[in-house]
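Here's the structure, in structure tokens; my notes come after.
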Amino acid sequence: MSISGRVPLLLLLGVGAVLLRPEMSTMWLWVLAVLLLVGVDLLLAPVPAALSLERPPVGSVRLGDPTATSLVATNSSRRRLSGVVRDAWQPTAGATGNRHRISLAPGDRVVLTTALLPRRRGDLRAVGVTVRLRGPLGLAARQRTRPVDGAVRALPPFDSRKHLPSRLARLRELDGRAAVRVRGQGTEFDSLREYVQGDDVRSIDWRASARSRSVVVRTWQPERDRRVVLVLDTSRTSAGRVGDVPRLDSAMDAALLLASLATRAGDRVDFVAGDRRVRSRLRFAGNRDIAARLQESMATLDPVIAEADWTGLAGAVNGLGRQRALVVLLTPLEPSAVEEGLLPVLGALTRHHRVVLASVRDPELEQLTGTLATLDEVYDAAAAEQVIGRRRHTAEMLRALGVDVVDADDLPPALADHYLGLKARGLL
């Protein structure tokens with residue numbers, strides 16, 4: 001039960017009665033009368049079960065975008081129901097305006113809308129709906145919290161989609177170059193055309209030229225229908241933060257941009273995420289809605305405080321097929337984790353695939369090395385130089401094993417540019 005603000009006011013009015021009859025019995029009689037009124041009002045108040053509640057599905061929303069949830073409240077009793085309905089959600093759902101006053105005649109129905117602004121990725125759930133129905137005197141109310149299922153899935157925000165139009169323009173430019181488009185190992189034959197001044201003589205097709213009155217050259221186009229495998233590391237190293245963003249979220253953003261770009265380029269994209277075990281595995285075949293499916297798959301992924309089992313993740317990559325692929329390892333360039341866990345399995349991957357390690361670099365390390373005003377800053381700069389040196393040494397070790405290393409402050413566009421460079425040179 002609950003009481004309203006009218007009860008203290010009624011008790012204060014008893015001061016006048018005490019002044020008129022200044023005896024202790026007057027005060028107790030007044031308090032007893034107020035309690036009696038509250039008890040009668042509570043007995044006459046409707047039960048919360050008289051209000052039927054239903055919640056339509058909420059669906060999914062990108063992290064940081066507003067959405068709303070609705071409750072359909074129906075008066076299933078023969079009395080008028082007046083009171084308050086509170087739709088409670090977990091704090092990270094960002095529920096606002098979730099207290100709704102109702103006054104429903106028998107059989108009436110109303111839709112109660114609560115605004116949501118998710119502040120954390122994943123499935124955010126409703127905690128419960130509290131129904132408080134007042135009695136006819138407005139002094140007391142019956143209250144009960146009931147579970148009404150509800151959830152909203154907050155997807156990765158995909159902030160890097162702003163870089164997609166410029167990279168698609170570069171891709172179209174790459175596809176549409178007229179003179180000897182791309183020539184080299186691994187590129188695909190496109191068509192024949194007449195020789196023009198400036199063409200590479202090595203592209204002349206002598207057999208076709210013998211059957212024609214002019215010299216004919218071959219044109220080449222960037223490789224298509226290649227495989228791109230995205231491997232997302234969700235182990236303990238992905239829990240670190242660069243600025244206000246977890247490394248895992250930055251890696252997700254880079255994976256979404258690269259997957260969208262590769263699909264538009266005509267390549268097939270596969271996705272594997274895991275740490276000590278595989279958490280998610282997806283295969284795509286020309287799916288234009290790849291970003292939406294990837295976001296759904298990534299939404300519930302969180303860092304696991306455990307080391308990555310790179311043997312298992314490499315096995316998952318090989319399980320997707322033996323065809324040569326561009327394998328992108330989205331994992332932090334942490335020297336200890338890379339040298340102890342990743343290096344032993346790189347040989348098996350580089351023998352069959354082209355491997356790229358993509359990592360987010362912390363810009364604060366460079367800033368620390370440039371600040372030497374105080375003794376503490378000197379020590380901080382020395383520690384930052386040591387970390388940068390170890391990362392540089394690990395990157396050189398990986399490159400010596402045939403692994404491309406993309407270590408950038410803004411990883412999504414840097415990784416997309418690296419992919420376009422490999423495609424332009426026919427190295428996929």
Side-chain angles (χ1 to χ4, degrees), residues 1-13 31-155 299-300:
M1 65 163 288
S2 66
I3 59 173
S4 69
R6 298 180 183 182
V7 175
L9 291 177
L10 279 178
L11 292 173
L12 287 175
L13 288 176
V31 172
L32 183 61
V34 172
L35 291 178
L36 183 62
L37 287 175
V38 171
V40 171
D41 198 34
L42 180 63
L43 289 175
L44 297 178
V47 295
L51 187 68
S52 301
L53 297 171
E54 296 179 359
R55 189 194 305 276
V58 181
S60 302
V61 64
R62 285 197 182 102
L63 182 64
D65 289 350
T67 185
T69 178
S70 299
L71 277 175
V72 180
T74 306
N75 183 357
S76 57
S77 69
R78 298 180 180 178
R79 302 173 54 187
R80 172 172 288 276
L81 303 181
S82 299
V84 178
V85 177
R86 178 176 180 265
D87 188 8
W89 287 71
Q90 64 185 86
T92 49
T96 55
N98 59 342
R99 295 177 182 268
H100 310 278
R101 295 189 175 275
I102 60 169
S103 181
L104 300 177
D108 281 359
R109 174 180 296 184
V110 66
V111 178
L112 309 175
T113 302
T114 299
L116 300 176
L117 184 63
R119 297 192 293 268
R120 184 178 66 82
R121 181 174 42 78
D123 290 332
L124 310 176
R125 303 188 180 279
V127 177
V129 178
T130 301
V131 179
R132 180 184 295 173
L133 299 180
R134 297 192 304 268
L137 300 178
L139 298 177
R142 295 178 187 266
Q143 177 175 308
R144 183 184 175 188
T145 299
R146 296 157 52 184
V148 179
D149 292 338
V152 58
R153 174 163 287 189
L155 306 175
T300 56

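Position 1 is the first residue of the sequence; numbering continues from there.
- By the side chain to side chain donor-acceptor pair (under 3.5 Å) test, Thr92 pairs with Gln90, sequence neighbours left out.
- Arg80 pairs by the side chain to side chain donor-acceptor pair (under 3.5 Å) definition with Ser103, not counting sequence neighbours.
- The OG1 atom of Thr96 sits 7.5 Å away from atom CG of Asn98, with the distance rounded to the nearest 0.5 Å.
- Looking only at distances, a side-chain donor or acceptor of Asn75 sits under 3.5 Å from a matching main-chain atom of Ala105.
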Side chains of residues 63-74: which donor-acceptor partners sit under 3.5 Å, not counting sequence neighbours?
| residue | atom | partner | partner atom | Å |
| --- | --- | --- | --- | --- |
| Thr69 | OG1 | Arg55 | NH1 | 3.1 |
| Thr74 | OG1 | Arg109 | NE | 3.2 |

Under the side-chain contact (heavy atoms from CB on, under 4.5 Å) rule, what do Val131 and Leu53 come out as? Steps first, then yes or no, please. CA-CA 10 Å; Val131 179; Leu53 297 171; 3.9 Å; yes

Donor-acceptor contacts under 3.5 Å from residues 133-145 side chains, at least two apart:
| residue | atom | partner | partner atom | Å |
| --- | --- | --- | --- | --- |
| Arg142 | NE | Leu42 | O | 3.4 |
| Arg142 | NE | Ala45 | O | 2.9 |
| Arg142 | NH2 | Leu42 | O | 3.3 |
| Arg142 | NH2 | Leu43 | O | 3.4 |
| Gln143 | OE1 | Arg132 | NE | 2.6 |
| Gln143 | OE1 | Arg132 | NH2 | 2.7 |
| Thr145 | OG1 | Thr130 | OG1 | 2.9 |

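- For Arg119, there are no side-chain contact (heavy atoms from CB on, under 4.5 Å) partners, not counting sequence neighbours.
- The heavy-atom pair separating Leu124 from Trp89 by the smallest distance is O-CZ3, 3.3 Å.
- In this structure, the side chains of Leu116 and Val61 stay at 4.5 Å or more apart for every pair of heavy atoms.
- Side-chain N or O atoms of Arg79 include none that pairs as donor or acceptor with a backbone N or O of Ala50 at under 3.5 Å.
- Using a distance-only test at 3.5 Å, with no hydrogens or angles considered, a donor-acceptor pair links the side chain of Arg121 to the main chain of Ala299.
- Atom CD1 of Ile3 sits about 11.5 Å away from atom CG of Asp41, to the nearest 0.5 Å.
- The minimum heavy-atom distance between Leu51 and Arg146, with the atom names listed, is O-NH1, 2.6 Å.
- With contacts defined as side-chain heavy-atom distances shorter than 4.5 Å, the pair Leu104/Val110 qualifies.
- For Arg153, the salt bridge (charged side-chain N to carboxylate O under 4.0 Å, His left out) partners are Asp123, Glu296, not counting sequence neighbours.
- Surrounding CZ of Arg6 are at most 12 heavy atoms belonging to other residues, nucleotides or ligands under 6.0 Å away.
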